[in-house]
Amino acid sequence: MSKNSDRQYDKLPKSVIPTHYNLYLKPNLLTCTFEGKVTVTLKVNSPTDQVKFHSIELELSDVELRTGDGKLLSIQLSSCNYNESITLDVLGGLNVGLCTLSVKFKGVLDDNLRGFYQARYVSVDGEERVCAITQFEASKAHRCFPCWDEPAFKATFDITVCCPEDRVALSNMPISSEVADKLGSKEVRFATSPIMSTYLVAVVVGEFDFIEQLTPRGVKVRVYTPVQKKEQGQFALDTAIKVLPFFEDFFQIPFPLPKMDLIAVPSLSFGAMENWGLITYRESCLLADPKVSSVKKKQYIAIIVAHEIAHQWFGNLVTMEWWEHLWLNEGYATFMEFLSVAKLFPDYKIWNQFISLVYSPAMKMDALKTSHSVEVPVNHPLHVDEIFDDISYNKGASLIRMLHAYIGDNDFEKGMNMYLNKFKFRNASTDDLWSVLEEASHKPISSIMPNWTKLPGYPVVFVERTQDGNKCRLLLRQFKFCASGSEADSKPETWVVPMEYMVQTTQGNTIGRFELASQEDTLTIDGLNKQNWVKLNPSQNGFYRVQYSSEMLENLMPAISNLSLPPIDRLGILDDLFALVQGGYCRTDKILELLQSMTKEDSCMVWSTMSSVMMKLKKLLEYASDTIQSSFMTFGRKLLTDIKQKISWDPKNDEGHEDKLLRSVILDLLGEFEDETTIFEAEKRLKAHIGGSVEIAPDVRAVVYSIGVKNANEDLYKSVINMYHSASLQEERERIVYALASMKDQVLISKLMNFALSKHVRKENSLNVLSAISQTLSGREQVWNYTKRCWEEVLEGYAGTFALPHFISGVFSHAASSEMASNLEEFSKNHSVLGMERTIDQAIEKMRVNASWLERDMQLIKSLLENKNKNSSSP
């Protein structure tokens with residue numbers, strides 16, 4: 001087979017397209033290899049002398065191309081590594097009609113978490129065994145079998161798997177037949193699938209138990225677990241059995257498959273993957289033990305189960321045309337996970353957490369000059385892994401939430417039904433969605449939304465107030481918000497901003513609406529005296545930041561302090577102001593003053609954002625003097641004084657879901673700010689737990705572990721590692737090993753790094769442990785030195801997976817060092833980083849933004865902290 005020279009990536013031509021695959025796979029779980037055969041029915045749309053498809057890292061043989069009547073055609077093969085493609089030059093050419101391609105192939109079940117790969121696990125009898133798993137998103141199916149591996153090439157699939165008789169074989173569809181031979185193997189045939197994209201094809205071969213239940217419409221839902229762990233799948237099954245009918249009712253489209261399997265596999269690059277009818281999950285994202293799992297973990301399982309089931313419509317039934325529209329899959333699924341969980345688990349009050357979990361992370365990333373648009377050009381499938389990020393998921397979901405508020409519940413639901421019905425079993429683009437929603441709502445969606453998805457970034461609205469009797473006038477000016485401050489673009493962008501505002505009146509808080517469609521406009525509000533506050537963007541529905549004049553912010557402060565402003569709006573003001581401080585739009589004293597006014601705060605969601613702000617400042621000041629760091633630690637402990645008195649270590653009988661979440665947030669903060677009584681109590685509880693005399697409540701285990709090991713010695717480290725080995729629940733193992741990253745002893749941290757990279761830690765978690773270690777200045781240096789030293793090894797093990805871009809982002813995001821930024825920049829120039837260019841550029845920008853902020857305000861912070869600490873300790 002000859003090699004063509006590498007060239008720019010080209011999408012496959014549509015002159016020849018697949019309509020049906022007959023796929024046979026035979027994994028060998030002992031040699032960790034596989035072989036198979038694929039026969040593809042092709043439709044020739046226009047005369048051509050070439051057939052192109054994808055294949056990489058497969059040994060191909062017996063490649064045959066036949067006409068519709070069975071005539072064997074003469075072909076020559078060539079390949080292109082850059083395109084990961086095979087070209088068949090057809091002597092004599094092909095005419096319009098049908099033809100058939102058949103190929104035999106062999107491959108390796110490696111452990112790189114992509115394509116058809118191996119995952120090792122320990123069986124119930126203590127033997128190490130191998131599970132074979134597919135992970136095909138994005139564009140990884142052709143590592144398993146030759147195919148047209150682009151989302152627009154949809155086809156039906158008949159899949160047959162040959163595997164050991166004592167293993168479970170699963171695919172997208174139910175089993176249609178199962179035949180065993182006399183040699184201990186069996187052939188499992190699955191029913192024909194609906195038309196779908198290759199990245200949604202799935203096969204799993206391993207040892208599993210399952211529990212099942214039927215939905216009211218008769219869809220069989222199963223949760224597959226490791227052997228003898230069926231009870232750990234019950235919560236996920238209970239969730240799925242509610243979520244699936246909810247979406248059927250909401251979309252008014254029945255789930256089109258006869259079964260839905262959710263399976264916990266030993267290793268997975270993503271937290272979960274929405275393969276149609278066979279959703280794969282990491283164990284810690286699906287399994288829960290009532291005695292060990294926290295409410296936070298159960299909430300996460302509910303969210304991720306809802307997210308993947310939402311994909312069965314958004315992504316699977318209607319699929320993006322190309323990866324630049326990935327947000328149609330991920331943004332919608334993220335929004336729908338919140339919508340469904342809010343309805344089905346009302347005690348979670350999940351919309352209250354949307355801002356801290358989704359909205360705020362999206363705004364932070366989208367403020368970078370190195371951000372990307374929601375509709376992002378994708379020039380090579382290798383770059384897709386980079387955009388499984390806070391823009392595609394979280395900005396996408398935030399824009400849908402803004403749109404939902406703008407057009408209303410009824411028109412939104414109507415539009416979703418129209419969109420899914422119009423494009424079911426087909427591909428769609430963002431413009432298709434806007435067109436349908438405009439038809440449903442009779443609002444100008446197609447003119448409002450493109451700037452929000454085609455441009456990176458978002459506006460900050462500067463607002464100033466003047467008063468004329470009981471008439472309030474607001475001067476509104478919008479500019480693109482930049483994390484690096486007032487680096488205004490030479491050509492300012494303008495968004496059509498659907499704005500809402502809330503005012504304080506004697507009749508209570510009232511909400512009005514306004515569209516800011518130009519760079520500057522005036523809003524007049526009648527019946528408002530100058531003592532009444534005005535809050536823009538109530539509930540943070542709009543994807544923009546607000547900078548109030550000093551007088552307007554001062555007017556809002558009492559409502560923040562006395563908690564009369566709703567929690568989500570207190571949170572919004574804090575989140576906006578902190579971003580403005582980081583960017584240099586205003587000084588750091590503003591955020592410190594706001595934090596001081598919030599000591600009576602009692603909301604979990606607000607404290608989550610306060611925690612984020614306090615921890616960001618703490619990490620920033622690691623690059624300042626010891627004196628400044630010490631002053632800030634004192635400041636933090638004083639902020640926590642009031643809430644500390646209200647928080648108990650043990651659960652109370654009458655507490656709600658948010659109370660349980662708040663406990664861990666506050667205790668974690670107290671540990672981070674080295675509150676002596678908190679550290680003492682955590683160490684005492686951890687030692688008692690290790691000794692077997694005390695069982696730590698699930699909701700505080702992570703906090704007790706992470707605080708309790710801060711001052712660990714060698715003996716305690718060994719005891720905690722033994723806890724890790726004896727834990728049977730993956731959730732417990734993960735919180736133990738992540739907690740160890742908070743140890744102060746650098747010798748023990750080095751041991752933990754070696755442990756994280758050993759066979760004892762699942763591969764998809766190894767880089768996460770290193771990211772956790774890098775959350776301190778000294779840990780960051782250790783991880784960076786390891787990364788430089790072992791880059792080729794890291795690249796070989798994780799290139800082309802979701803894990804590597806997130807590792808790079810996690811390690812460098814909190815550094816405030818121009819020197820480290822330059823080092824990373826130089827490193828990327830001299831090493832292979834294909835598929836991570838944007839991630840590295842973003843990391844470099846974040847470090848420089850942090851360094852500029854510290855340089856700009858360090859002396860101010862120092863004097864402020866000294867004064868505040870001195871004044872608060874005065875009689």
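Worth knowing before you read on, the calculation uses all heavy atoms, side chains too, and leaves out hydrogens, waters and symmetry mates.
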Engineer: Between E375 and K454, does at least one N-O distance fall below 4.0 Å, as a salt bridge requires?
Structural biologist: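 Answer for the salt bridge query: yes.
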Engineer: May I ask you to decide whether K369 forms a salt bridge with E845, counting only side-chain N to carboxylate O separations under 4.0 Å?
Structural biologist: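 E845 and K369: not salt-bridged.
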Engineer: Not counting sequence neighbours, which residues clear side chain to side chain contact (heavy atoms under 4.5 Å, CB included) with N275? List them please.
Structural biologist: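 Expected list: N172, A202, M273, T280.
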Engineer: Looking at every heavy atom in both T453 and S373, which two are closest together, and how far apart are they?
Structural biologist: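 Minimum heavy-atom separation between T453 and S373: O-CB, 3.4 Å.
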Engineer: Under 4.0 Å between a Lys/Arg side-chain N and an Asp/Glu carboxylate O for D111 and K763?
Structural biologist: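 Result for this pair is yes, salt bridge flagged.
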Engineer: For the residue pair T319 and N427, confirm or rule out a side-chain donor-acceptor distance under 3.5 Å.
Structural biologist: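 No pair is found: no donor N or O on one side chain lies under 3.5 Å from an acceptor on the other.
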Engineer: Who pairs with T239 by side chain to side chain donor-acceptor pair (under 3.5 Å), at least two apart in sequence or on another chain?
Structural biologist: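 Applying side chain to side chain donor-acceptor pair (under 3.5 Å) to T239 gives none.
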Engineer: Considering only NZ, NE, NH1 and NH2 on the basic side and carboxylate oxygens on the acidic side, decide whether E825 and R848 come within less than 4.0 Å.
Structural biologist: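 Yes, E825 and R848 are salt-bridged.
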Engineer: What residue among Q730, R762, R733 forms side chain to side chain donor-acceptor pair (under 3.5 Å) with E283?
Structural biologist: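 Only match with E283 under side chain to side chain donor-acceptor pair (under 3.5 Å): R762.
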Engineer: Among W276, F251, Y332, which residue satisfies the ring-ring contact (aromatic ring centres under 6.0 Å, His included) criterion with W313?
Structural biologist: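 By the ring-ring contact (aromatic ring centres under 6.0 Å, His included) criterion, W313 pairs with just one of W276, F251, Y332: F251.
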Engineer: Testing F543, Y544, Y393 one by one against Y359 for a ring-ring contact (aromatic ring centres under 6.0 Å, His included), which residue passes?
Structural biologist: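 Between Y359 and the candidates, ring-ring contact (aromatic ring centres under 6.0 Å, His included) is satisfied uniquely by F543.
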Engineer: Can you sort out the partners of W784 under ring pair (Phe, Tyr, Trp, His ring centres under 6.0 Å), two or more places apart, ordered by chain and number?
Structural biologist: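 F812, F827.
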Engineer: Checking K395 against W327: charged group under 6.0 Å from the ring centre and within 45 degrees of the axis?
Structural biologist: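 The answer is no, since K395 fails at least one limit relative to W327.
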Engineer: Is a donor from one side chain sitting under 3.5 angstrom from an acceptor on the other, for H311 and E330?
Structural biologist: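 Side-chain D/A pair, H311 to E330: present.
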Engineer: Stepwise, does the salt bridge (Lys or Arg N to Asp or Glu O under 4.0 Å) test hold for K618 with E672?
Structural biologist: CA-CA 9 Å; K618 180 175 181 281; E672 288 287 353; 3.4 Å; yes
Engineer: Between the side chains of Q135 and K140, does any donor sit under 3.5 Å from an acceptor?
Structural biologist: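 Distance-only check fails for Q135 and K140.
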Engineer: May I have the step-by-step check of side chain to side chain donor-acceptor pair (under 3.5 Å) for D149 and T198, ending in yes or no?
Structural biologist: CA-CA 6 Å; D149 205 5; T198 48; 2.6 Å; yes
Engineer: Determine whether the side chains of S269 and E764 contain a donor N or O and an acceptor N or O closer than 3.5 Å.
Structural biologist: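 The answer is no; no qualifying pair exists.
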Engineer: Considering residues at least two apart in sequence or located in another chain, which fulfil the side chain to side chain donor-acceptor pair (under 3.5 Å) criterion with N830?
Structural biologist: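 Side chain to side chain donor-acceptor pair (under 3.5 Å) check on N830 returns E826.
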Engineer: I need the full list of salt bridge (charged side-chain N to carboxylate O under 4.0 Å, His left out) pairs touching residues 574-585, with sequence neighbours left out, sorted by first then second residue.
Structural biologist: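 Found R545-D575, R545-D576.
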Engineer: Could you walk me through whether S139 and Y199 pass the side-chain contact (heavy atoms from CB on, under 4.5 Å) check?
Structural biologist: CA-CA 6 Å; S139 299; Y199 79 90; over 6 Å; no
Engineer: For G271 and I304, work out which heavy atoms get closest and say how close.
Structural biologist: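 Residues G271 and I304, closest heavy atoms: C-CD1, 4.1 Å.
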Engineer: I'd like to know if the side chain of E321 pairs up with that of S429 as donor and acceptor (distance under 3.5 Å, no hydrogens or angles considered).
Structural biologist: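 No, because no side-chain N or O of E321 sits under 3.5 Å from a partner of the opposite role on S429.
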Engineer: Give a yes-or-no answer on whether the side chains of D389 and H372 include a donor-acceptor pair shorter than 3.5 Å.
Structural biologist: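 Side chains of D389 and H372: pair found under 3.5 Å.
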Engineer: Does the side chain of L770 reach to within under 4.5 Å of the side chain of L767, using non-hydrogen atoms?
Structural biologist: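 Heavy-atom side-chain distance check passes, below 4.5 Å.
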Engineer: Restricting to side chain to side chain contact (heavy atoms under 4.5 Å, CB included), what partner residues turn up for V436, sequence neighbours left out?
Structural biologist: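 Testing V436 for side chain to side chain contact (heavy atoms under 4.5 Å, CB included), a comparison that skips the adjacent residues, returns M418, Y419, K422, F423.
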Engineer: With sequence neighbours excluded, what pairs up with H142 under the ring pair (Phe, Tyr, Trp, His ring centres under 6.0 Å) test?
Structural biologist: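 In terms of ring pair (Phe, Tyr, Trp, His ring centres under 6.0 Å), with neighbours along the sequence ignored, H142 is linked to H54.
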Engineer: Could you check if a side-chain atom of V358 sits within less than 4.5 angstrom of a side-chain atom of F335, using non-hydrogen atoms only?
Structural biologist: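 Not in contact.
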Engineer: Under a 3.5 Å distance rule, please check whether Q775 uses its side chain to pair with a backbone N or O of S771 as donor and acceptor.
Structural biologist: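 Yes: the side chain of Q775 pairs with the backbone of S771.
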Engineer: Quick one: are V496 and N451 in side-chain contact, heavy atoms under 4.5 Å?
Structural biologist: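 V496 vs N451: side chains apart.
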Engineer: Considering non-hydrogen atoms only, spot the tightest contact between A772 and Y738 and give its length.
Structural biologist: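 Here A772 and Y738 meet closest at CB-O, 4.5 Å.
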Engineer: Sequence neighbours left out, what pairs pass salt bridge (charged side-chain N to carboxylate O under 4.0 Å, His left out) with at least one residue falling in residues 794-822?
Structural biologist: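 Every candidate salt bridge (charged side-chain N to carboxylate O under 4.0 Å, His left out) pair involving residues 794-822 fails, so no pair, neighbours aside, qualifies.
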Engineer: State, without any angle test, whether N316 and E274 hold a side-chain donor-acceptor pair at a distance under 3.5 Å.
Structural biologist: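 The answer is no; no qualifying pair exists.
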Engineer: Does the pair E84/R143 count as a salt bridge with the N-to-O cut at 4.0 Å?
Structural biologist: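 Looking at R143 together with E84, the answer is yes, because their closest N to O distance falls below 4.0 Å.
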Engineer: For residues Y798 and S766, report the shortest heavy-atom separation together with the two atoms involved.
Structural biologist: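 In terms of heavy atoms, the two residues are closest at OH-CB, 3.5 Å.
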Engineer: Report the C-alpha distance between L571 and N352 in whole Å, list the side-chain angles of each, state the deciding distance to 0.1 Å, and finish with yes or no for side-chain contact (heavy atoms from CB on, under 4.5 Å).
Structural biologist: CA-CA 10 Å; L571 181 160; N352 286 352; over 6 Å; no
Engineer: Which heavy-atom pair separates L200 from G315 by the least distance, and what is that distance?
Structural biologist: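 For L200 versus G315, the nearest heavy atoms are CD1-O, 4.0 Å.
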Engineer: Only counting residues at least two apart or in another chain, list the ones meeting side chain to side chain contact (heavy atoms under 4.5 Å, CB included) with S818.
Structural biologist: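 S818 satisfies side chain to side chain contact (heavy atoms under 4.5 Å, CB included) with A851 once adjacent residues are dropped.
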Engineer: For the residue pair E493 and Q478, confirm or rule out a side-chain donor-acceptor distance under 3.5 Å.
Structural biologist: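 No - no donor-acceptor pair under 3.5 Å links their side chains.
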Engineer: Are the side chains of F345 and K298 in touch, meaning some heavy atoms are under 4.5 Å apart?
Structural biologist: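 Answer no - side chains too far apart.
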Engineer: Would you check, one step at a time, whether the test side-chain contact (heavy atoms from CB on, under 4.5 Å) holds for N112 with Y117?
Structural biologist: CA-CA 7 Å; N112 286 345; Y117 69 93; over 6 Å; no
Engineer: Would you check if there is a donor-acceptor pair between the side chains of T430 and H325 at a distance under 3.5 Å?
Structural biologist: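 The answer is yes; a qualifying pair exists.
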Engineer: Could you tell me the separation between the CG atom of L368 and the CG atom of D390, rounded to the nearest 0.5 Å?
Structural biologist: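 Separation between the atoms: 10.5 Å.
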Engineer: Is there a side-chain contact between E337 and E308 in this structure, where contact means two heavy atoms from C-beta onward sitting under 4.5 Å apart?
Structural biologist: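 Side-chain contact under 4.5 Å: no.
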Engineer: Of all residues at least two apart in sequence or in a different chain, which pass the side chain to side chain contact (heavy atoms under 4.5 Å, CB included) check with S294?
Structural biologist: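 Per chain and number, S294 pairs via side chain to side chain contact (heavy atoms under 4.5 Å, CB included) with K296, K297, D699, E731, R735.
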Engineer: Can you check whether W323 reaches V376 side chain to side chain, under 4.5 Å on heavy atoms?
Structural biologist: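 Contact flag for W323/V376 side chains = no.
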Engineer: Below 4.5 Å, heavy atoms only, C-beta onward: do L661 and Q299 meet side chain to side chain?
Structural biologist: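 They are in side-chain contact.
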Engineer: If you take all heavy atoms of P266 and I133, which pair is closest and at what distance?
Structural biologist: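 What the structure gives for the nearest pair is CD-CD1, 4.0 Å.
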Engineer: Quick one: pull up OH in Y281 and CG in L268 and give me the separation to the nearest 0.5 Å.
Structural biologist: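 These two atoms lie 10.5 Å from each other.
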Engineer: My understanding is that only residues two or more places apart in sequence, or in another chain, count here; which of them pass ring pair (Phe, Tyr, Trp, His ring centres under 6.0 Å) with Y300?
Structural biologist: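 Partners of Y300 under the ring pair (Phe, Tyr, Trp, His ring centres under 6.0 Å) test: none.
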Engineer: Would you say I591 and L574 make side-chain contact, with heavy atoms under 4.5 Å?
Structural biologist: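 Yes; the side chains approach each other to less than 4.5 Å.
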Engineer: Using the ring centroid of each side chain, check whether F481 and Y585 are separated by less than 6.0 Å.
Structural biologist: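 Ring centres of Y585 and F481 closer than 6.0 Å.
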Engineer: Among all residues two or more places apart in sequence or in another chain, which pass the ring pair (Phe, Tyr, Trp, His ring centres under 6.0 Å) test with F354?
Structural biologist: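 Testing F354 for ring pair (Phe, Tyr, Trp, His ring centres under 6.0 Å), a comparison that skips the adjacent residues, returns F338, W351.
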